[in-house]
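Here, residue 1 is the first one in the sequence, and each next residue gets the next number. It should be emphasised that the depicted structure is a prediction, and the values quoted were computed from it without experimental measurement.
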Amino acid sequence: MEWKTLSTEDQLTDIEQASFRKPQVIFKHSTRCSISSMALSRLERSGSEGMHADFYYLDLLAHRNVSNAVADYFKVQHQSPQIIVVKEGKPVYNESHLAIAMDSISDHL
């Protein structure tokens with residue numbers, strides 16, 4: 001799994017613009033949460049090979065302001081853990097907790 005780090009609010013505009021070329025996936029991860037760690041592990045075991053998308057990792061404890069900005073910018077309710085798929089500037093898939101699965105993500109790419 002090749003993650004890009006999401007650590008600044010300025011990156012949200014870049015993610016939105018890039019989503020017109022290919023889907024952008026944001027994973028909001030709480031490093032203190034066992035459910036979040038399990039979701040991350042499941043994603044990494046599944047891998048992203050062959051998927052035409054960029055995958056962003058957001059440590060929401062280290063970057064709480066960015067996590068809040070993601071919710072505001074893309075108009076989704078904050079969850080943790082959370083996966084958001086952005087296409088053509090809009091979130092097309094948003095899921096949290098144990099419902100996070102690569103099969104579901106790939107269906108929305």
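Taken to the nearest 0.5 Å, the CG atom of Leu6 stands 10.5 Å off from the CD atom of Gln24. To the nearest 0.5 Å, atoms CD1 (Ile84) and CD1 (Ile105) are separated by 11.0 Å. Arg32 contributes atom CZ, which lies 9.0 Å from atom CG of Asp59 (distance to the nearest 0.5 angstrom). Here the CG atom belonging to Asp14 is positioned 7.5 Å from the OG1 atom belonging to Thr8, to the nearest 0.5 angstrom. To the nearest 0.5 Å, the span separating CD1 on Ile35 from OG on Ser96 amounts to 9.5 Å. Atom CG of Asp72 is separated from atom CG of Asn65 by 11.0 Å, given to the nearest 0.5 angstrom.
Of all heavy-atom pairs between Leu40 and Tyr57, the closest is CD2-CE1, 4.1 Å. In plain terms, the two heavy atoms of Ser30 and Leu61 that are nearest each other are OG-CD1, 3.9 Å.
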What's the verdict on side chain to side chain contact (heavy atoms under 4.5 Å, CB included) for Met102 and Met1, showing C-alpha distance, side-chain angles and the deciding distance? CA-CA 11 Å; Met102 194 58 84; Met1 190 86 192; 3.8 Å; yes
Derivation of the side chain to side chain contact (heavy atoms under 4.5 Å, CB included) call for Leu98 and Met38: CA-CA 8 Å; Leu98 296 177; Met38 185 169 49; 2.9 Å; yes
After noting the C-alpha distance and the side-chain angles of Ser80 and Lys28, does the key distance pass the side chain to side chain contact (heavy atoms under 4.5 Å, CB included) rule? CA-CA 6 Å; Ser80 170; Lys28 293 169 65 174; 5.9 Å; no
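Ile83 and Leu109 fall within the same hydrophobic cluster, defined by Ile, Leu, Val, Met, Phe, Trp and Tyr side-chain heavy atoms under 4.5 Å apart, directly or through other members. At a threshold of 4.5 Å between side-chain heavy atoms, the hydrophobic network of Ile, Leu, Val, Met, Phe, Trp and Tyr places Val86 and Phe20 in two separate groups. A continuous path of Ile, Leu, Val, Met, Phe, Trp and Tyr side chains, each step under 4.5 Å between heavy atoms, connects Val76 with Leu12, placing both in one hydrophobic cluster. Linking ILVMFWY side-chain heavy atoms closer than 4.5 Å, directly or via other members, places Phe74 and Ile100 in two distinct hydrophobic clusters. Met51 and Phe27 fall within a single hydrophobic cluster, where Ile, Leu, Val, Met, Phe, Trp and Tyr are joined by side-chain heavy atoms under 4.5 Å apart, directly or via other members.
The main-chain N or O of His78 is never found under 3.5 Å from a side-chain atom of Gln82 such that the two would form a donor-acceptor pair.
No hydrogens or angles considered: a donor-acceptor pair under 3.5 Å links the side chains of Ser36 and His29. In the model, Ser41 has a side-chain atom that pairs as donor or acceptor with a side-chain atom of Arg45 under 3.5 Å. With 3.5 Å as the limit, one finds no donor-acceptor pair spanning the side chains of Tyr56 and Gln11.
You'll find the side chain of His108 stays beyond 4.5 Å of the side chain of Pro23, heavy atoms only. The closest side-chain heavy-atom distance from Leu58 to Ser67 is below 4.5 Å. In this structure the side chain of Asp54 never reaches within 4.5 angstrom of the side chain of Ile15, judged on heavy atoms. Contact check for Val25 versus Tyr93: no side-chain heavy atoms found under the 4.5 Å cut-off.
Dense packing is recorded around NZ of Lys22, with more than 12 heavy atoms of other residues, nucleotides or ligands lying under 6.0 Å away.
Taking the six-membered ring for Trp and thresholds of 30 and 60 degrees, Trp3 and Phe55 have ring planes more than 60 degrees apart, a perpendicular arrangement.
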